[in-house]
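Small disclaimer: the values here were computed from a predicted structure and weren't measured. Throughout, numbering of the chain's residues begins at 1 and tracks the sequence. Only heavy atoms go into these numbers, but all of them, side chains included; no hydrogens, no water, no symmetry mates.
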Amino acid sequence: MAQQISYHKTKKGFFNGFADSLKAPFSAFSFIRQRKGYVKFFIIPFLINIVLLSALVYIAFTELFPYIKTVLPGGSEWYIVILRSVTGSLLFAVTIIATVFLYSITGMIINMLFLDPLSAKVEKDLLTNEPEKLTFRQIMSDTLTALTNALKMLMLFLIFNLVIFALNIIPIAGNILFTVLSFLSLLFFFGAPFLELSLDRRAVTFRSKIGLLLHYRYCVMGLGLSFMVLSMIPLVGFLSHSLGAVGGSIIFCEKIFPEIDITKR
């Protein structure tokens, strides 16, 4: 049965919520080391992500990046050379972000069979009123829910960026503001799935969940930035989804769960 979630509207300091969530996926290393039974949740996702991330990077820099470079102007004039250099660097950064973007979506869906039980185990270790033991049927149901929610979140992300795109009509200041807001929305999109794991197991309605995520937006963006950084670190990037799931579950248990009430709709 669908449930709604309410929370105490306490003011959260930006750096407090952001910094705690930024550190959480990195602190997952020590969290796992101090407890038993976590290694099995990392082995298969690690191998899957090697194939997935390697394929996305290969496609991005052998097909996508060379293609988008063709839009750059030709010529040997000094200003064209400078423009190509600056624009080329920006396109390179965009290619990396696009790769992480695709890795975030596809990896979350493919690894859901492992991330949901992993998140549930973290809750079992940290919460006294632990969630019910997951069955394979429940995991499959959560995977379908995660896929549906990922599509909804993607639509919200695209709609938000289309709306704020109008800021570009304002010279310089509008361009900068659009870039900042778009990047923050990207971090939010990256971080949300790692908190959604705990919320989806409680069958929280999508609308109620979005309200909660926006309330804890700095926590969500902190998780998103950690995920993005981890994804770019050699070898560690193959564990970024699993580390994000552990970090997100820690934040949920320690920072969010004590401040919320969940009721049946």
Side-chain angles (χ1 to χ4, degrees), residues 3-32 34 97 100-101 104 108 115 118-120 122-123 125-129 131 146 149-150 152-154 156-157 160-161 164 177 179-202 204-233 236 239-263:
Q3 300 187 97
Q4 290 183 326
I5 196 165
S6 58
Y7 44 87
H8 311 299
K9 295 182 179 292
T10 54
K11 284 289 183 180
K12 292 285 179 183
F14 177 86
F15 290 105
N16 180 39
F18 185 83
D20 289 341
S21 295
L22 183 64
K23 293 184 295 184
F26 292 94
S27 64
F29 286 105
S30 59
F31 181 89
I32 294 165
Q34 295 167 6
I97 292 175
V100 175
F101 184 84
S104 170
M108 199 72 188
L115 298 183
L118 174 60
S119 174
V122 174
E123 285 192 31
D125 287 345
L126 294 181
L127 297 179
T128 53
N129 54 339
N149 288 337
K152 290 179 181 178
M153 289 295 292
L154 179 59
L156 289 176
F157 171 76
F160 176 77
N161 278 271
I164 65 173
L177 185 58
T179 302
V180 171
L181 290 177
S182 181
F183 181 69
L184 291 178
S185 71
L186 183 67
L187 295 184
F188 186 88
F189 179 83
F190 282 162
F194 301 119
L195 288 176
E196 285 185 287
L197 288 167
S198 297
L199 299 174
D200 288 342
R201 279 196 303 276
R202 291 167 171 81
V204 175
T205 63
F206 185 75
R207 183 174 180 177
S208 184
K209 179 168 55 178
I210 290 298
L212 179 76
L213 293 175
L214 288 173
H215 179 69
Y216 291 96
R217 55 193 175 278
Y218 301 133
C219 289
V220 177
M221 288 188 288
L223 289 171
L225 181 56
S226 283
F227 170 78
M228 189 169 71
V229 172
L230 286 169
S231 298
M232 298 176 185
I233 301 176
V236 176
L239 296 173
S240 55
H241 284 97
S242 299
L243 294 172
V246 174
S249 300
I250 291 174
I251 290 298
F252 176 80
C253 293
E254 296 182 349
K255 303 293 182 181
I256 299 177
F257 188 77
E259 301 180 356
I260 63 175
D261 296 305
I262 301 177
T263 55

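- Taking F157 as the reference, F101, F189 meet the ring-ring contact (aromatic ring centres under 6.0 Å, His included) condition, with sequence neighbours excluded.
- At least one side-chain heavy atom of D20 sits under 4.5 Å from a side-chain heavy atom of K23.
- Qualifying side-chain contact (heavy atoms from CB on, under 4.5 Å) partners for K152, counting only residues two or more places apart in sequence or in other chains: T148, N149, F206.
- Between D125 atom CG and Q34 atom CD the span is 11.0 Å, to the nearest 0.5 Å.
- S182 contributes no side-chain N or O that, together with a main-chain N or O of T179, makes up a donor-acceptor pair within less than 3.5 Å.
- In this structure, V220 and S21 have side chains that are not in contact, with every pair of non-hydrogen atoms separated by 4.5 Å or more.
- Closest non-hydrogen pair, L213 versus F188, comes out as O-CE1, 3.5 Å.
- For F190, the ring-ring contact (aromatic ring centres under 6.0 Å, His included) test picks out F227, with sequence neighbours left out.
- Annotation: the span from L181 atom CG to L186 atom CG amounts to 12.5 Å, rounded to 0.5 Å.
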Please step through side-chain contact (heavy atoms from CB on, under 4.5 Å) for the pair M153 and I210, ending with a clear verdict. CA-CA 9 Å; M153 289 295 292; I210 290 298; 3.4 Å; yes

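- Taking CZ of F31 as the reference point, atom CD1 of I250 lies at 5.0 Å (rounded to 0.5 Å).
- Atoms OG and CD1, on S242 and I32 in that order, are 8.0 Å from each other to the nearest 0.5 Å.
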Please walk me through it: do L212 and V204 pass side-chain contact (heavy atoms from CB on, under 4.5 Å)? CA-CA 10 Å; L212 179 76; V204 175; over 6 Å; no

Show your reasoning for whether side-chain contact (heavy atoms from CB on, under 4.5 Å) applies to F252 and L199. CA-CA 9 Å; F252 176 80; L199 299 174; 3.8 Å; yes

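- Looking at every heavy atom in both residues, F194 comes nearest to H241 through CE2-O, 3.5 Å.
- Looking at residues two or more places apart in sequence or on another chain, you find a side-chain contact (heavy atoms from CB on, under 4.5 Å) between S119 and E123, L197, S198, R201, S249.
- Of the inter-residue distances, the one linking I97 atom CD1 with M228 atom CE reads 6.0 Å to the nearest 0.5 angstrom.
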Let's go through L126 and F257 carefully: what are the C-alpha distance in whole Å and the side-chain angles of both, what is the deciding distance for side-chain contact (heavy atoms from CB on, under 4.5 Å) to 0.1 Å, and is it a yes or a no? CA-CA 11 Å; L126 294 181; F257 188 77; over 6 Å; no

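- In plain terms, the two heavy atoms of A24 and L223 that are nearest each other are CB-CD2, 4.4 Å.
- With sequence neighbours excluded, the residues forming a side-chain contact (heavy atoms from CB on, under 4.5 Å) with V236 are F29, L230, I233, L243, listed by chain and number.
- Shown here for N161 and S185, the closest heavy-atom pair between the two residues is ND2-OG, 3.2 Å.
- Heavy-atom minimum distance, S240 versus S231: OG-OG, 3.5 Å.
- Residue L184 holds its CG atom at 11.0 Å from CZ of R217, rounded to the nearest 0.5 Å.
- Scored by the side-chain contact (heavy atoms from CB on, under 4.5 Å) test, L22 finds F18, L225, S226 as partners (sequence neighbours excluded).
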